[in-house]
There are 2 protein chains.
Amino acid sequence: MAKRGDVTRNKIQDAAEELFAARGFYGVTVREITRLAGVDTALANYYFGSKKNLFDSVLLRRAEGLNEARLKALEDVEREAGDNPPDLEKVIDAFTHPLLDRSERGGPEWKSYFALIAQVNNSPEWGGRMMTEYFDPLVRRFIAAIKRALPNTPDEDIYWAYHFLSGALVLTFAETGRIDNLSDGLCRSSDLESVHRRLPPFIAAGFRALKERDSEKS
Amino acid sequence: MAKRGDVTRNKIQDAAEELFAARGFYGVTVREITRLAGVDTALANYYFGSKKNLFDSVLLRRAEGLNEARLKALEDVEREAGDNPPDLEKVIDAFTHPLLDRSERGGPEWKSYFALIAQVNNSPEWGGRMMTEYFDPLVRRFIAAIKRALPNTPDEDIYWAYHFLSGALVLTFAETGRIDNLSDGLCRSSDLESVHRRLPPFIAAGFRALKERDSEKS
DNA sequence: AGTTATTTTCTACACTTGTTTAATTTTGGT
DNA sequence: ACCAAAATTAAACAAGTGTAGAAAATAACT
């Protein structure tokens, strides 16, 4: 049940999420955040201690539920496969679909959250540490599933392929409008349904190509 | 030939490049930049007018030469192909290799520059506009070559596949150390030679998978 | 050498930064 | 209704922000 100060707490996090997503950690002031939230400036520090803590809390807030949903999707795929290796496309879909789905149907907060992730992920300052902290256990589970789906593939290939997957997925969330410009309006950054149809087969084929490439040169 | 104030101009740009790459536009102060450059604070505004102009000039400085080299690499591939469609892997390699090569062998300035690009690319504030401004003409040339390499592929597939390529490539430049953590040291973010071997076949297979997927369902 | 023109330094402006403190108001439990 | 706990407000802190202008130093050209 909701405690006393939870509504203001959440208002501050909501405003912070939106603004951090737009201009990053340093591009936003505490005063902007509290103004957008409609509360006094001092409340940000009252509830979160520091700007940095607020930033962390915004990132953490949605991470747990997200990872649970993705883990469940993976377990469904594995259960369906039984003792056979799981289908690679389906594993990748379990990894990406919960994200794409929330971004498309979860309301603008989710868009902000993912745009924030997109920035954090590519930042040398936060990228390595924070992504590792919040997503590593889940990612390791997925990589293990991918290894089962692609037996006899060298580990280096798996990790680099995952890295490419991560980059492609995360740029999608940034929704910078670049593909809109490039395609003269034919494709839209916000059309995540198109991504959902294309990303799993695209990435799965890439994974398999690395596996093939390696078995050739033996 | 070098004009009078060019050395300080470059010192400021070098320092700005390094710092912007580490903490982004807002995360760095003009005073930090000039301190690292070893010059007076006022010189940043004297030479560049404003912090924002300095930022732009840093991004622009290496973009031109870079695009020339990539265009030349593409033209070589096309010349080699003659009247036949060019080889897809080779087109992708012409797109990525000049970047990976400079990052690996061009000294730390290039690493900074690409890390900066990695941040800008995923930022909603700069991403769409700046990348379009500096790289669009070249990217359109490459997309045209890819279309020739993959005849009868729907344009939407081409653009989305390019988008995935772009995300994978750009995350590589961020060198956040994430893959180092994830692989427990087996892979290293800085090992761009590994990327150079794997990215073109990975991406080419993805492109082809989208083409196949589409011709199936007719 | 003398006179521009360019570059560099120093100082200061007007304003914003994150955070803290103390006073005040509101709330929940008894 | 009373009291302690929690939440909110207003004010201020010291430090730092981008930028500009006048003075000084340096270089270039005739």
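Residue numbers start from 1 in every chain, and the chains themselves are labelled A, B, ... in the order their sequence lines are given, proteins ahead of strands.
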Which pairs with one or both residues in residues 39-58 of chain B pass salt bridge (Lys or Arg N to Asp or Glu O under 4.0 Å), sequence neighbours excluded? B:K52-B:D56
Among residues at least two apart in sequence or on other chains, which ones pass ring pair (Phe, Tyr, Trp, His ring centres under 6.0 Å) with B:F25? B:F20, B:F55, B:W126
Salt bridge (Lys or Arg N to Asp or Glu O under 4.0 Å): pairs with one or both residues in residues 163-173 of chain A, sequence neighbours excluded: none
Going 5' to 3' along DNA chain C, which nucleotides are the first and last within contact of chain B (any atom under 4.0 Å from a heavy atom)? C:dT6 to C:dA12
Using the ring pair (Phe, Tyr, Trp, His ring centres under 6.0 Å) rule, collect all pairs that involve residues 166-188 of chain B, keeping only residues at least two apart or in two chains. B:F114-B:F173
Whole angstroms only, please: what is the NZ-P distance between B:K51 and D:dG16? 15 Å
Quick one: which residue pairs count as a side chain to side chain donor-acceptor pair (under 3.5 Å) with a foot in residues 158-170 of chain B, not counting sequence neighbours? A:T172-B:H163
Sequence neighbours excluded, which residues qualify as side-chain hydrogen bond (donor to acceptor under 3.5 Å, both in side chains) partners of A:R35? none
Using atom CD1 of B:I33 as one end and atom C1' of D:dT17 as the other, report the distance to the nearest whole Å. 13 Å
Tell me if a side-chain donor or acceptor on A:N67 pairs with a main-chain N or O of A:Y134 at a distance below 3.5 Å. yes
Kindly state each residue pair satisfying salt bridge (Lys or Arg N to Asp or Glu O under 4.0 Å) with at least one member in residues 91-104 of chain B, sequence neighbours excluded. B:D101-B:R105
Any pair with a residue in residues 13-27 of chain A that passes salt bridge (Lys or Arg N to Asp or Glu O under 4.0 Å), sequence neighbours left out, goes on the list, sorted by first then second residue, please. A:D14-A:R61, A:E17-A:R61, A:E17-A:R62, A:R23-A:E32
For A:K11, check side-chain hydrogen bond (donor to acceptor under 3.5 Å, both in side chains) against everything at least two apart and list the hits. none
Is there a residue in residues 13-28 of chain A whose heavy atoms reach under 4.0 Å of DNA chain C, and which residues are they? A:V28
Which parts of nucleotides 4-13 of chain D does protein reach within less than 4.0 Å, heavy atoms only, written one letter per nucleotide 5' to 3' as B for base, S for sugar-phosphate only and - for none? -BSBBBB-B-
